[in-house]
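Read through the structure below, which is laid out as structure tokens, and then see the notes.
Keep in mind the model is a prediction, meaning the values are calculated, not measured.
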Amino acid sequence: MVLHLQHVSFEYVAENGFSIRDVSLTVERGSLTGLLGPNGCGKTTLLKLMAGVLRPGQGTITFAGGVLDDIPRRALARHIAVVPQETHPAFDYRVIEMVLMGRHPHLGPFALEGPGDLAIAHDALRATGTAHLASRSYMSLSGGEKQRVVIASALAQQPDVLLLDEPTASLDLAYQLEVAALLARLNHERGVTIVVATHDLNLAASICRTLVLVRGGRVLAQGATETVLNGDTIRQLYDVDADVRFHDRSGHLTVVPIGRIP
């Protein structure tokens, strides 16, 4: 296993009091795991806990056998990369400059990127299909292009684990499919362990081999996608009646919402 949360709880005391309650889950090495749940259920909080951005009030989180809290931030950033829902840089950087930011955890104090770092950045651009955008202004890109560039920056960290928060939110259908295919390829070809928080049940069904269903700060269910994703669990998760079937042409489960349960 890579990440293991054991009886983890967390509370935003100064805000609305929302908490993660007694969560235990395991992210296996090389897996592609989906975090599913309604708005405000705790998906983003779980990602921040896994990234070491937040510290649990109770319980422990281990990474590669060591306690996450004991790992220095710079060292942890060499192993775990995060792709947030939105990225708003302070300046209008070129794409290659955005991607090179992913090399910072590997540089010493006051060190500048060298030829090796530039080669890694260009490799990350090629892996995400954005090499042709290297000299473009980041702010001039479309939403889908920006998302792939941010993923390239995360790849430039050369992480063992990639954590993504709603990577297809606000993207049109074509870019949703592109990002989904990209994540599946990075997981399969590069062996990157991926955890993706998403509202898109069909995205999760198409690329995730394991799912963790979260509601009210608790894990409702977890396990293999074909076992966990069904009408009963969707009803418990979203209060929605849904038809879940295997789609022969797509080669995976598909989810068709029927209506909200009163």
Side-chain angles (χ1 to χ4, degrees), residues 1-27 31 33-64 66-77 79-90 101 104-105 147 150-151 153-154 157 159-170 193-201 203-204 208 210-222 228 233-240 260:
M1 65 184 174
V2 175
L3 279 164
H4 180 59
L5 284 68
Q6 187 170 18
H7 302 297
V8 168
S9 296
F10 178 84
E11 186 172 5
Y12 291 103
V13 178
E15 297 181 17
N16 58 9
F18 175 80
S19 59
I20 293 293
R21 304 175 185 88
D22 195 29
V23 167
S24 295
L25 63 89
T26 297
V27 177
S31 64
T33 300
L35 289 179
L36 300 180
N39 289 329
C41 72
K43 299 189 299 297
T44 298
T45 300
L46 279 173
L47 287 183
K48 289 180 178 179
L49 286 164
M50 291 180 192
V53 176
L54 298 177
R55 293 190 173 189
Q58 296 179 356
T60 58
I61 303 175
T62 56
F63 171 72
V67 177
L68 194 69
D69 285 349
D70 293 342
I71 304 174
R73 291 291 302 156
R74 179 174 287 271
L76 189 60
H79 299 282
I80 299 177
V82 180
V83 175
Q85 288 188 38
E86 296 181 341
T87 301
H88 301 288
M101 291 179 190
H104 289 180
Q147 189 67 295
V150 174
I151 293 173
S153 181
Q157 289 179 229
D160 302 303
V161 180
L162 183 59
L163 307 176
L164 302 103
D165 195 0
E166 299 289 352
T168 59
S170 303
T193 302
I194 296 176
V195 180
V196 53
T198 180
H199 288 296
D200 190 335
L201 299 181
L203 167 70
C208 297
T210 58
L211 297 178
V212 178
L213 310 187
V214 183
R215 179 163 183 172
R218 296 182 184 275
V219 172
L220 186 68
Q222 58 183 306
V228 171
T233 53
I234 292 175
R235 189 176 299 110
Q236 295 175 55
L237 198 61
Y238 294 105
D239 297 321
V240 167
R260 190 176 182 92

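- Using a 4.5 Å heavy-atom cutoff, the side chains of P72 and R74 are not in contact.
- Residues satisfying the ring-ring contact (aromatic ring centres under 6.0 Å, His included) test with Y238, not counting sequence neighbours, are none.
- Considering only heavy atoms from C-beta on, Q147 stays 4.5 Å or farther from L164 through its side chain.
- No donor-acceptor distance shorter than 3.5 angstrom exists from the side chain of S9 to the backbone of Q58, with no hydrogens or angles considered.
- For K43 (side chain) and V214 (main-chain N/O), no donor-acceptor pair under 3.5 Å exists by modelled atom type.
- When side chains are defined from C-beta on, L47 does not count as touching V82, because their heavy atoms never get closer than 4.5 Å.
- Annotation: side chain of L5 is in contact with side chain of L46 (closest heavy-atom distance under 4.5 Å).
- Side-chain contact between I71 and H79 is absent, with no heavy atoms from C-beta onward closer than 4.5 Å.
- Contact annotation: the side chain of I61 never approaches that of D69 to less than 4.5 Å [non-hydrogen atoms, C-beta and beyond].
- Annotation: side-chain hydrogen bond (donor to acceptor under 3.5 Å, both in side chains) contacts of Q6 (sequence neighbours excluded): none.
- Between V27 and V161, every side-chain heavy-atom pair lies at or beyond the 4.5 Å cut-off.
- Side-chain atoms of Q157 come within 3.5 Å of backbone N or O of A77 as a donor-acceptor pair.
- Remark: side-chain polar atoms of R215 are not paired, donor with acceptor, to backbone N or O of L220 under 3.5 angstrom.
- Contact between L76 and A51 at its shortest, heavy atoms only, is CD2-O, 3.3 Å.
- Applying the side-chain hydrogen bond (donor to acceptor under 3.5 Å, both in side chains) test to T198 and every residue at least two apart in sequence or in another chain returns nothing.
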